[in-house]
2 protein chains.
Amino acid sequence: MSDSLPRPAELLCFSVYAAAHAMNRVYKPLLDPLGLTYPQYLVMLTLWDEDGQTVGQVSERLFLESSTITPLLKRLETAGLLTRERDRADERVVRARLTEAGRALREKALGIPACILGATGLDMAAAVRLRDDVERLRHSLERAAGEEPPSGGPS
Amino acid sequence: MSDSLPRPAELLCFSVYAAAHAMNRVYKPLLDPLGLTYPQYLVMLTLWDEDGQTVGQVSERLFLESSTITPLLKRLETAGLLTRERDRADERVVRARLTEAGRALREKALGIPACILGATGLDMAAAVRLRDDVERLRHSLERAAGEEPPSGGPS
DNA sequence: GCGGTTTATATCGCGCGATAAAGGATCGCT
DNA sequence: AGCGATCCTTTATCGCGCGATATAAACCGC
């Protein structure tokens, strides 16, 4: 079609990619004292919300493969924040349960969301609006990634 | 302040993080045939836009450290897409120049932006609007990451 | 209960990306 | 010359993220 290509800065996807990095750089000094990386923080958030979730539930909520979640949980287990045990009723299932240390860490994390909101330079309403826009984008992309069989749009 | 924490899905930053992954999943089948990863594609875009840029220029445009760009460029050099040579006038500077193969690859990439736009489910105007919103977010985050001296908000 | 399928996770292998920290080389200014 | 600033590389480290494969348990029809 066109014979020109955009600069990275013109691309929506690049802005998302770059924003994700920037976000990481903001989180790092906040999470370092807790000994967590950002993905680990996300896992802790889901368990603080509801303890004893299965690997599958965690991967579903974070949109990551179980082959990403399992090593993540193992690192958190090694750090003493949770335990992994098979469900008695269904032995295929592994559930992650917070330890006392895992629950205690929650207190230290309470201030983080406010710090982050401050760093975004947005008020709550604007942040929610943007979040929903980006979430819709994620959803569309996810759907598109699921299709795309050969190499053909409308022939 | 508050004694509750959000679920990941409620966070703006998580939506950005998840959208970045989703984006990668869409790009992957498009970039695999070109033998590029997404960050490598970004480097190629900047060089297709302007050949012979320095390491510093490329890192600046992609918001990445030079210690990330150097290995990236090396991989692209190994792939035969570019060469790295020191500037004659200023021997501190290393410039990346496309090879014939690097320039040729451009043709194969021409269709990608349209594919991506399709996958976002947005029309051009909406995509541009969202891009600018996310870019503003990135900018705020970047600025916040630059400050935050010790550990103190309001004491 | 017996095969066959599906589901849930683990495992393995892989490479890249990203950073921090330290070092080397060069430039530019005085 | 000398000295700080600039640009890049190197090294070391680490975690993430995925695909492919394997395993084990659960379900299902009969």
Side-chain angles (χ1 to χ4, degrees), chain A residues 14 17-29 31-32 35-44 52-79 83-96 142 145-146, chain B residues 14 17-29 31-32 35-44 53-79 84-96 142 145-146:
Chain A
F14 173 69
Y17 170 82
H21 287 314
M23 174 208 83
N24 242 304
R25 290 191 270 261
V26 172
Y27 268 104
K28 189 152 195 315
L31 292 178
D32 272 350
L36 295 176
T37 65
Y38 182 68
Q40 290 169 3
Y41 169 67
L42 293 178
V43 170
M44 294 304 289
Q53 290 188 72
T54 70
V55 173
Q57 287 174 314
V58 175
S59 15
E60 200 176 343
R61 297 204 183 186
L62 301 185
F63 306 111
L64 294 171
E65 304 296 315
S66 75
S67 50
T68 300
I69 297 299
T70 295
L72 254 174
L73 289 176
K74 281 190 177 178
R75 276 174 223 121
L76 293 170
E77 186 177 33
T78 301
T83 62
R84 300 181 310 131
E85 39 183 310
R86 296 209 167 261
D87 189 310
R88 301 226 167 188
D90 184 344
E91 295 255 347
R92 290 172 303 181
V93 167
V94 170
R95 293 189 177 276
E142 210 82 64
Chain B
F14 173 70
Y17 169 83
H21 287 315
M23 173 208 85
N24 240 303
R25 290 182 206 121
V26 172
Y27 267 105
K28 187 152 196 312
L31 292 178
D32 272 350
L36 296 175
T37 65
Y38 182 67
Q40 289 168 4
Y41 169 66
L42 292 178
V43 170
M44 294 305 289
Q53 290 187 74
T54 70
V55 172
Q57 288 174 314
V58 174
S59 10
E60 199 177 345
R61 297 203 183 186
L62 301 185
F63 306 110
L64 294 171
E65 305 296 315
S66 73
S67 50
T68 300
I69 297 298
T70 295
L72 253 174
L73 288 176
K74 280 190 177 178
R75 279 176 222 121
L76 293 169
E77 185 177 33
T78 302
R84 299 181 310 132
E85 40 183 310
R86 297 206 167 263
D87 189 309
R88 301 226 167 186
D90 183 346
E91 294 255 347
R92 293 172 299 181
V93 167
V94 170
R95 294 190 177 275
E142 210 82 65

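Labels below follow one simple rule: chain letters A, B, ... track the order of the sequence lines, proteins then strands, and each chain is numbered from 1. Worth saying up front: this structure is predicted, and the values here are computed from it rather than measured.
Remark: P of dC8(D) and CG of Asp87(B) are 10 Å apart, rounded to the nearest angstrom. If you measure from atom CG of Leu64(B) to atom P of dC8(D), you get 14 Å, rounded to the nearest angstrom.
Contact of the Val43(A) side chain with the Leu76(A) side chain is registered, since non-hydrogen atoms from C-beta on lie closer than 4.5 Å. Put simply, the side chain of Leu64(B) does not reach to within 4.5 Å of the side chain of Val58(B), judged on heavy atoms.
In this structure, Phe63(A) reaches neither bases nor backbone, as no heavy-atom distance under 4.0 Å exists between it and the strands shown. At a threshold of 4.0 angstrom between heavy atoms, the contacts of Ala20(A) with the nucleic acid are absent. Contacts of Leu72(B) with the nucleic acid, taken as non-hydrogen atoms under 4.0 Å apart, involve only primed sugar atoms and P, OP1 or OP2. Using a 4.0 Å heavy-atom cutoff across all strands shown, Ser67(A) reaches at least one base atom of the nucleic acid.
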Item to check | side chain to side chain contact (heavy atoms under 4.5 Å, CB included) between Thr70(B) and Arg84(B), worked out | outcome: CA-CA 10 Å; Thr70(B) 295; Arg84(B) 299 181 310 132; 4.3 Å; yes
Checklist entry - What do the steps show when you test Phe63(B) against Tyr17(A) for side chain to side chain contact (heavy atoms under 4.5 Å, CB included), and what is the final call? => result CA-CA 10 Å; Phe63(B) 306 110; Tyr17(A) 170 82; over 6 Å; no
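Judged by distance alone, the side chain of Arg95(A) and the main-chain N or O of Arg86(A) form no donor-acceptor pair under 3.5 Å.
Across Ile69(A) and Val55(A), no two heavy atoms sit closer than the pair CG2-CG1, 4.1 Å.
For the OP1/OP2 pair of dT9(D) and a distance below 4.0 Å, the side-chain nitrogens and oxygens of Arg84(B) include at least one atom meeting the criterion. Here Thr70(B) reaches the OP1 or OP2 of dT9(D): one of its side-chain N or O atoms lies under 4.0 Å away.
If one axis is set at each end of the helix from dG1(C)-dC30(D) to dT30(C)-dA1(D) from five pairs, those axes are 30° apart, to 10°.
Nucleotides of DNA chain C with any atom under 4.0 Å from a heavy atom of chain B span, from 5' to 3', dC16(C) to dC27(C).
Toward the 5′ end of DNA chain C lies the nearest nucleotide of Val55(A), the other residue of the pair Val55(A) and Tyr17(A) mapping further downstream.
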